Amino acid sequence: MSNQRLGIRWGLCCLFKEEPITFAIRQATHLGKLDRPRQLAQLSATVLHNGNSLIRAIEFCHRQGIGGFRVNSRIFPLKTHPQLGYLLEELPEYDLLDQTYQQAAVLAARLDIRLTFHPDQFTLLSSADAGVTARSLAELAYHGEAAERIGADVITLHGGGGYGDKPAALGRVVALIERLPDSIRSRLALENDDRVYTPADLLPVCAATGIPFIYDVHHHRCHPDGLAIEEVSERACSTWAREPLFHLSSPKEGWQAANPRPHHDFIDIDDLPQCWRHLRITIEVEAKAKEIALKKLADELSAA
DNA sequence: AGCGGTCAAGTTGAT
DNA sequence: ATCAACTTGACCGCT
């Protein structure tokens, strides 16, 4: 990453609103009805499409002055599915898609676009269920491999379920993190969520494990813990040996709404904490209008 | 081409 | 009990 850049690196999450760059998936229900060669052919075409889209996404971000891109976990769809899972090497177009993803990796590094992953809600470090844990570890292994392939440097997870006993659940999180292979642990980061685990819950876990903390200020505002934004921001930064990663969004129907958790199409500039504005951090913007929201935010900030 | 039902996985909380 | 929400709409069969 560049040492010349000043200020905030803005990150776009997964998708585009208007720019015609798309990522495709496959549905297990339908794919399962095909024979294996047809399954692999469809998966190959989809993975290749997604690789080309990733290249175009990186190029778009560079043109727009966007410095980060979160990659959708389903970029290799159904890769960890118990019946339909596959190795990239099995796909008929492997050589071409290998080259394509290498090209994406080289491009992201050259253009200094920070790539991240955010595995979905089924990936849990806190579960007491051995099956859930095993599937989560498989999912993390997948993300670790994918991250290595494209040079992504963060895999973001929440604390997971509380199961009525958060200290016990966090104990399982710590124990599991300590057993993770380095390819995953070196990229893993923990983010506060809007229902269960606050910054006050997770900062000690991060201190105990050396895993960095991702501060989502919207989640913190929905699910506060008595800590001030300034304090959490400072403590979050201190968990990062590299550029910190934060999340920002605005409530769909305002802070007075019965449910402020759903995300707005755009970012209300007042939701960007003052104390973030001088930091050298990555802020991933979770706004439904995607690249349009980032453009609007950048315009408003430069006009301010 | 466009529409509507459906889509791997776990947990929570609103209804 | 059901269901939407979660980092995110897209797929697929039908008309």
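We name chains A, B, ... by the order of the sequence lines, and we start the count at 1 in each one. Owing to the predicted nature of the structure, the values given are computational and were not obtained by experimental measurement.
Side-chain atoms of A:Tyr101 come within 3.5 Å of backbone N or O of A:Val47 as a donor-acceptor pair.
One side chain, A:Thr198 or A:Asp201, offers a donor N or O that lies under 3.5 Å from an acceptor on the other. Remark: the A:His118 side chain and the A:Glu284 side chain contain no N/O donor-acceptor pair separated by less than 3.5 Å.
For the pair A:His264 NE2 and C:dT7 C1', the interatomic distance rounds to 18 Å; values are reported in whole Å. Distance, A:Leu157 CG to B:dT11 P: 14 Å, rounded to whole Å. Between A:Glu253 atom CD and C:dA5 atom P the separation is 11 Å, expressed in whole Å. Look at NE2 on A:His223: it is 17 Å from P on B:dT11, rounded to the nearest Å. One atom, CZ of A:Phe117, and another, C1' of C:dT8, lie 14 Å apart when rounded to the nearest Å. One can place CG of A:Leu12 at 11 Å from C1' of C:dT8, the figure rounded to the nearest angstrom. Protein atom CD of A:Glu284 is 13 Å distant from nucleotide atom C1' of C:dT8, rounded to whole Å. Rounding to whole angstrom units, CG of residue A:Leu115 and P of C:dT7 are separated by 20 Å.
Nearer the 5' end of DNA chain C, as judged by each residue's closest nucleotide, is the contact made by A:Cys13, out of A:Gln27 and A:Cys13. Along DNA chain C, the nucleotide nearest to A:Thr46 and the one nearest to A:Leu15 differ in position, and the one closer to the 5' end is contacted by A:Leu15.
Between C:dA4 and C:dG9, the two C1' atoms lie 15 Å apart (nearest whole Å). Taking the P atom of each, C:dC3 and B:dA9 are spaced 15 Å apart, rounded to whole Å. Rounded to a whole angstrom, the distance from the P atom of B:dT6 to that of C:dC6 is 22 Å.
Among the atoms of the strands shown, only primed sugar atoms or phosphate atoms (P, OP1, OP2) are found under 4.0 Å from some heavy atom of A:Ala24. A:Leu78 comes within 4.0 angstrom of a base, heavy atoms only. Looking at heavy-atom distances under 4.0 Å, A:Gln121 makes contact with a base. Among the protein residues, A:Tyr163 comes within range of the sugar-phosphate backbone only, with heavy atoms under 4.0 Å from sugar or phosphate atoms but none that close to a base. Within the nucleic acid shown, A:His247 has no heavy atom closer than 4.0 Å to any nucleic acid atom. Residue A:Arg74 is in base contact, counting any heavy-atom pair closer than 4.0 Å across all strands shown. Among the atoms of the strands shown, base atoms are found under 4.0 Å from some heavy atom of A:Thr80. Residue contacts shown for A:Gly160 are absent, as no nucleic acid heavy atom lies under 4.0 Å away. Residue A:Glu191 is classed as having no contact, given no heavy-atom separation below 4.0 Å to the nucleic acid. Contact annotation for A:Pro119: no contact, since no heavy-atom pair falls under 4.0 Å across all strands.
Residue A:Arg179 places its CZ atom among 12 or fewer non-hydrogen atoms of other residues, nucleotides or ligands, all under 6.0 Å distant.
Using a 4.0 Å cut-off, some side-chain N or O of A:Arg26 falls inside it from OP1 or OP2 of C:dC12. Note on A:His219: a side-chain N or O is less than 4.0 Å away from OP1 or OP2 of C:dT7. Here A:His263 does not reach the OP1 or OP2 of C:dC6: none of its side-chain N or O atoms lies under 4.0 Å away. The phosphate of C:dT8 (OP1 or OP2) has no side-chain N or O of A:Lys17 nearer than 4.0 angstrom.
Ring orientation note: the planes of A:His220 and A:Tyr215 are nearly perpendicular, at an angle over 60° on the 30°/60° scale. The aromatic rings of A:His264 and A:Phe266 sit tilted, their planes meeting at an angle between 30° and 60°.
When distances are taken from the side chain of A:Pro262 to each of C:dA10, B:dG10, C:dC6, the shortest belongs to C:dC6. Here the nucleotide nearest the side chain of A:Lys288, chosen from C:dG9, C:dC12, C:dT7, is C:dG9. Listed candidates were B:dG10, C:dC12, C:dT8. Nearest to the side chain of A:His30 is C:dC12. Among C:dC11, C:dT7, B:dT11, the nucleotide with an atom closest to any side-chain atom of A:Ser127 is B:dT11.
Evaluation of atom-type donor-acceptor distances gives a pair under 3.5 Å for the side chain of A:Asp120 against the base of B:dA9. At a cut-off of 3.5 angstrom, the base of C:dT8 holds no donor-acceptor pair with the side chain of A:Arg70.
Looking at A:Glu18 and A:Lys295, no side-chain N of the basic residue comes within less than 4.0 Å of a carboxylate O on the acidic one, giving no salt bridge.
Each of A:Thr133, A:Val205, A:Leu140 was compared with A:Leu125 under the side-chain contact (heavy atoms from CB on, under 4.5 Å) criterion, and only A:Leu140 meets it.
Shown here, B:dA14 forms a base pair with C:dT2; the pair counts as Watson-Crick or G-U wobble because both key distances fall under 3.5 Å. Base pairing of C:dT8 is not made with any nucleotide, judged by Watson-Crick or G-U wobble geometry with both donor-acceptor distances under 3.5 Å.
Ring-to-base geometry does not place A:Phe122 in a stacked arrangement with B:dG10 (centre distance under 5.5 Å, plane angle under 30° required).
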